[in-house]
Novice: 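My structure is below; once you've seen it, I'll send some questions.
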Protein chains: 2
Amino acid sequence: MNISEAATRAGLPPKTIRYYEDIGLITPDRGANGYRSFSETHIHKLHFLARARGLGFSVEDCRTLLALYEDSGRASADVKAVAQEHLAQIEAKIAELTAMRDTLTDLVHACAGDHRPDCPILKGLEQ
Amino acid sequence: MNISEAATRAGLPPKTIRYYEDIGLITPDRGANGYRSFSETHIHKLHFLARARGLGFSVEDCRTLLALYEDSGRASADVKAVAQEHLAQIEAKIAELTAMRDTLTDLVHACAGDHRPDCPILKGLEQ
DNA sequence: ATAGGGCTTCCAGTCACTGGAAGGTCAAGA
DNA sequence: TCTTGACCTTCCAGTGACTGGAAGCCCTAT
């Protein structure tokens, strides 16, 4: 299967698949014409990558997870450790964004939003 | 005042201040020796930028906000529009991260995290 | 005179793609 | 057979907002 079909099946843009090959995440076969050729196994891996990236794992985390995925002798503790670390980062990010949202919401509510120059948002940014 | 003191006062790294000058966000004076020289007005602007960046505004938003900040004839509606647009993006990001967190939390809770290879996290990524 | 710290510029790297150019390949229709 | 258009290839550059580091000038204190 050529790259565009693989892309459709995996839910990733062709460019991204080429990029993943570049950085060694996946190694499709090659036809006589130089075209990449994807097997069902490749599709599974790409789909796995798409899901992991969709959950916010870094590409390096994906590399680790993919290696664990392929290692039938893995310990689930290793997978869990990666996921928990990532979860902690997501929660930190949510907390950061929530604080921003709360501050911004207050400022936006305080601002008349009319033609006059007086603006609590700018005052809030000035502090 | 030299850049390192300005950096301390504004709460930004010197490198970041140089970068802001590079992209035209701020234009400090220059001493005879070529050193940047910051006035209180510059410090105010830098502080404003630090706050705005801290609330997650993009550098381009900061450029707009700074222009409004300096324009005594501004309409507060213009400021509010920028803030509301940004707020909407933050809320979208929070929603996205929350969905990731919920999925990841479920997977992590389902995983024994022991020496055995069986792993619901990997299964969840495989789908 | 020298040592150190601070300042300057410029270049490269980060992360994960994404756009675009230049050119080779393939299948279908005239 | 030729052409057209869609597909494929590689390579280079750009994104955002810095950040690290190198090479070299400047200032102050000893």
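Values below: all heavy atoms of this structure, side chains included; hydrogens, waters and symmetry mates excluded. Chain A is the first sequence line, chain B the second, and so forth, proteins listed ahead of strands; every chain is numbered from 1.
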Novice: Measuring from atom CG of L125(A) to atom CG of L49(B), what distance do you get when rounded to the nearest 0.5 angstrom?
Specialist: 9.5 Å
Novice: Rounding to an integer number of Å, can you tell me how far L12(A) CG sits from dT18(C) P?
Specialist: 10 Å
Novice: Check whether any side-chain nitrogen or oxygen of T16(B) sits under 4.0 Å from OP1 or OP2 of dA17(D), and answer yes or no.
Specialist: no
Novice: Using the side-chain contact (heavy atoms from CB on, under 4.5 Å) criterion, which residues pair with A7(B)? Sequence neighbours excluded.
Specialist: P14(B), I17(B)
Novice: Under 4.0 Å, heavy atoms only, any strand: does R18(A) hit a base, just the sugar-phosphate, or nothing?
Specialist: base
Novice: Please give, in whole Å, the distance from dT8(C) P to R30(B) CZ?
Specialist: 6 Å
Novice: When you get a sec, tell me which of dC7(D), dC17(C), dT8(C) is the closest nucleotide to the side chain of Y35(B)?
Specialist: dT8(C)
Novice: Just how far, in rounded Å, is C1' of dG6(C) from CZ of R36(B)?
Specialist: 13 Å
Novice: Check this one for me: any side-chain N or O of S4(A) less than 4.0 Å away from OP1 or OP2 of dC8(D)?
Specialist: yes
Novice: So how far is it from M100(B) CE to K93(A) NZ, rounded to the nearest 0.5 Å?
Specialist: 11.5 Å
Novice: Whole angstrom is fine here: how far is it from CZ in R63(A) over to C1' in dC15(C)?
Specialist: 13 Å
Novice: CZ of R53(A) versus P of dT18(C): gap in Å, rounded?
Specialist: 10 Å
Novice: Select from P14(A) and N33(B) the residue whose nearest nucleotide in DNA chain D is closer to the 5' end of that strand.
Specialist: P14(A)
Novice: Just compare dG20(C), dA17(D), dT9(C) and give me whichever is closest to any side-chain atom of K15(A).
Specialist: dG20(C)
Novice: Hey, could you give me the OH/CG distance between Y69(B) and L122(A), rounded to the nearest 0.5 Å?
Specialist: 8.0 Å
Novice: Nearest 0.5 angstrom please: L55(A) CG to L107(B) CG, how far?
Specialist: 7.0 Å
Novice: Using whole Å, report how far OH of Y19(A) lies from C1' of dT15(D).
Specialist: 13 Å
Novice: Which pair of heavy atoms, one from P120(B) and one from A110(B), lies closest together, and at what distance?
Specialist: CG-O, 3.1 Å
Novice: Output the rounded distance in Å from CG (D22(B)) to P (dT8(C)).
Specialist: 12 Å
Novice: Rounded to 10°, tell me the angle between the two end axes of the helix from dA1(C)-dT30(D) to dA30(C)-dT1(D), each built from five pairs.
Specialist: 30°
Novice: Atom CG of L66(B) and atom CZ of F48(B): how far apart are they, to the nearest 0.5 Å?
Specialist: 6.0 Å
